Number of protein chains: 4
Amino acid sequence: MRLKDDEKTTNIYRAAIQVINSEGFEGSSMSKIAKLSDISPATIYLYFENKDDLLKKLYIEMKSRMGNSYFTKEMNLSSTKATFRALWLNHYQYITENMDAFIFIENFANCPLIKRIENEYNLDYCPTFEQLFEQAKTEKLIMTLDNDIIYSHLFAPINYLVKKAKANSTAISLPDLIQIFECSWKSISY
Amino acid sequence: MRLKDDEKTTNIYRAAIQVINSEGFEGSSMSKIAKLSDISPATIYLYFENKDDLLKKLYIEMKSRMGNSYFTKEMNLSSTKATFRALWLNHYQYITENMDAFIFIENFANCPLIKRIENEYNLDYCPTFEQLFEQAKTEKLIMTLDNDIIYSHLFAPINYLVKKAKANSTAISLPDLIQIFECSWKSISY
Amino acid sequence: MRLKDDEKTTNIYRAAIQVINSEGFEGSSMSKIAKLSDISPATIYLYFENKDDLLKKLYIEMKSRMGNSYFTKEMNLSSTKATFRALWLNHYQYITENMDAFIFIENFANCPLIKRIENEYNLDYCPTFEQLFEQAKTEKLIMTLDNDIIYSHLFAPINYLVKKAKANSTAISLPDLIQIFECSWKSISY
Amino acid sequence: MRLKDDEKTTNIYRAAIQVINSEGFEGSSMSKIAKLSDISPATIYLYFENKDDLLKKLYIEMKSRMGNSYFTKEMNLSSTKATFRALWLNHYQYITENMDAFIFIENFANCPLIKRIENEYNLDYCPTFEQLFEQAKTEKLIMTLDNDIIYSHLFAPINYLVKKAKANSTAISLPDLIQIFECSWKSISY
DNA sequence: TATGAATGAGCCTTCATTCAT
DNA sequence: AATGAATGAAGGCTCATTCAT
């Protein structure tokens, strides 16, 4: 008896992202994913109930990895500008190093299937984030704004710019990167 | 005869957006669009070459309407904070009043089909915008940043927040709205 | 615009019976039926919702034709042995002349799908039959038995024998046929 | 080891009948049968060549058990009405006590696969039956009819009625049972 | 022997598109 | 110009069967 291969799930995920990113959600098919994973279409159904299940689990996995990308183990979470900058740069590093996953999440965050998942699970920014925001507000480091507003000014611009750079096949220079963070920081700090 | 044609095209556009937004890109089909437009599938092919052509033209139409949404005829385009605020609020008003079109554009701006269109045409923010940015930079109203960076800090946060509000079926309060603009403005101005 | 072809339904029915009888219920497939009907598989779905719907309608149609086979227009329905013999022979003639339909009904009368149909509709022998049985009992022509028991002795033997003859590729001789009816008649008459 | 094998075969048979009767021939699958037998699909293939082989052997086994059901060891096979009644009641008892097997045989006796088996083997009523019929004819106990005709009048009605009762979830009363036999007997006796 | 993993073939169904009126 | 009918190709999924342990 063969053993269920754990690596297979990873392969399927990778193939799925690749197919979807290059051919779009509607251009993706189980057989294309199977072919790229080098397995039979039927085998996918040993690891996932059906296509929806595969996409759901894939999205949840990628979203949660991205959620963890802000933080590193040895990180000092005191509420200082330096902490925010570190989080922000961690995030930037993650999305540039995992561009495929990032694009996948951004592209399909709003498709109906994924919408249902977002409502089912809570895949928003994690509690640690909220605590940090609250503390920073208390300490008058940042302005007393709704957390969503803070988050949007911190991350929406860089996400937008990374996608744009990718689309134009250009890169963001280091000085620009610093500049972008400074702008974001300025928008929410006193 | 011209009038009738135009009306039909509009109906098809409206139906297409509706179907796609509610059932996703992959859940959309020509016959569903036809049914919702109250015409025969075959008739769509008198107005559009094929599905891709329909989607392309639809996207271009919506994107260009959105591009125009920033400006109103009687607008004073002098480079002042007031002008930026007016542009910004025009945009906000447009996307909330045309949520369907906005969601459609946001959802599918990154799908492979649309990508090709973006590269073919130039659907970015219009020349007027660029002129305004340049003038504002010259006049030291805003910092000397890349136009993309300026644009991203001005509009990415509000776009993110509008989508989020829509997803949560909540609304942005007027004070919050002002606050959001002030943050964006702060990020790019001196 | 082409008109929906009424003959097509008939063709599909004929093909379905042929495929099912020769390859069994489980060996039947929409594409085989389509091929034998000389149409595209997709076209079947313009006439029937799905496979179940096709089989249901096919069964109901055949069963109802068979139900009508006992009677002819000019028939005298007085309760005499001659009437019973006429009914019986009509039935015999029908099943031998429509062997395919008969075999189809017999083979699949007990399959789960059909079971559900039988319960939904009432496809048993018709009211006219029941009236005739009751009258014959009142007039002491046949014994006072449950209608099902009467029906079973009248028709189960000949049905069995027709199927058996078909399986052996033999035929029932006319004297045998008369004999069979006489036996059946003896079993229920005084 | 032999014992264990036999037990497994029995389990497979039981599971197969159960699955087929409840989900139909086309709804049955090797994995469903395996699951219900509490063994792996692969194991079935150690006991049977393939699905057809399983079904064939299952049918032959059930048919032969049913063939034996008419007779009991201590039975007096003299050609009298009492003997016929005893055979008939044995058969009735068997099919009511082994309804699943009976339904299975009746349902699929005419399916193409089984047809081939019937022709290959001779699974008809056994030689003993034929002898009894011949003797009874010689002794003028029953009429000089073809054996098939005799058999059909003796057993087709009760088989039909048992299936019908099962379908309607009703039972045949004892007086009715006696009556049914008497009718059958009348139809073939002088 | 016994098994769960793996698979190519095939099934039902839908789709974008064309046909014929 | 407009349409409902028609279709080949493709999609998701399951199945009987084999593999590898």
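Below, read A as the first sequence line, B as the second, and so on, with proteins coming before strands; counting in each chain starts at 1. Not measured: the values here are computed from a predicted model.
Rounded to an integer number of Å, the gap from Phe48(C) CZ to dA6(F) P is 13 Å. Glu23(D) has its CD atom 14 Å from the C1' atom of dC15(F), to the nearest Å. Rounded to an integer number of Å, the gap from CG of Leu46(C) to P of dT14(E) is 11 Å. Whole-Å rounding puts the Lys8(B) NZ to dA2(F) C1' distance at 7 Å. Between Asn50(A) atom CG and dC13(F) atom C1' there is a gap of 9 Å when expressed in whole angstrom units. Put simply, CD1 on Ile44(D) is 18 Å from P on dC19(F), counting in whole angstrom units.
Within the structure, the salt bridge (Lys or Arg N to Asp or Glu O under 4.0 Å) test picks out the following pairs touching residues 31-47 of chain D (sequence neighbours left out): Glu23(D)-Lys32(D). Residue pairs meeting the salt bridge (Lys or Arg N to Asp or Glu O under 4.0 Å) criterion with at least one member in residues 102-113 of chain A, sequence neighbours excluded, are Glu106(A)-Lys163(A).
Here Glu26(D) pairs with nothing under the salt bridge (charged side-chain N to carboxylate O under 4.0 Å, His left out) rule; sequence neighbours left out. Taking Asn98(D) as the reference, Tyr94(D), Ala101(D) meet the side-chain contact (heavy atoms from CB on, under 4.5 Å) condition, with sequence neighbours excluded. Taking the side-chain contact (heavy atoms from CB on, under 4.5 Å) definition, one finds that Leu36(C) meets it with Ala15(C), Gln18(C), Val19(C), sequence neighbours left out. Evaluation of the salt bridge (charged side-chain N to carboxylate O under 4.0 Å, His left out) rule for Arg65(A) yields Glu61(A) as partners, not counting sequence neighbours. With sequence neighbours excluded, the residues that form a side-chain contact (heavy atoms from CB on, under 4.5 Å) with Ser40(C) are Ala42(C), Thr43(C). With sequence neighbours excluded, no residue satisfies side chain to side chain donor-acceptor pair (under 3.5 Å) with Asp100(B). In this structure, the salt bridge (charged side-chain N to carboxylate O under 4.0 Å, His left out) partners of Asp53(C), at least two apart in sequence or on a different chain, are Lys57(C).
Across the helix from dA2(E)-dT21(F) to dT21(E)-dA2(F), the helix axis at one end is tilted relative to the axis at the other end by 20° (nearest 10 degrees, each axis from five pairs).
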| query | So Met30(A) and Asn50(A), side chain to side chain contact (heavy atoms under 4.5 Å, CB included) or not? Walk me through it. | reply | CA-CA 9 Å; Met30(A) 293 301 259; Asn50(A) 50 37; over 6 Å; no
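Heavy atoms of Tyr47(C) sit under 4.0 angstrom from primed sugar atoms or phosphate atoms, though from no base atom.
Both Pro41(C) and Pro41(D) lie near DNA chain E, and the one whose nearest nucleotide falls closer to the 5' end is Pro41(D).
For the segment residues 51-58 of chain D, the set of residues with a heavy atom within less than 4.0 Å of an atom of DNA chain E is empty. For residues 25-39 of chain D, proximity to DNA chain E is found at Ile39(D), defined as any non-hydrogen atom under 4.0 angstrom from a strand atom.
Here dT3(F) is the nucleotide among dG12(F), dT3(F), dT3(E) with the atom lying nearest to any side-chain atom of Thr43(B). Looking at the side chain of Ser40(B), the nearest of the listed nucleotides dG8(E), dA16(F), dG4(F) is dG4(F).
A distance of 12.0 Å separates OH of Tyr59(C) from CD1 of Ile20(C), quoted to the nearest 0.5 Å.
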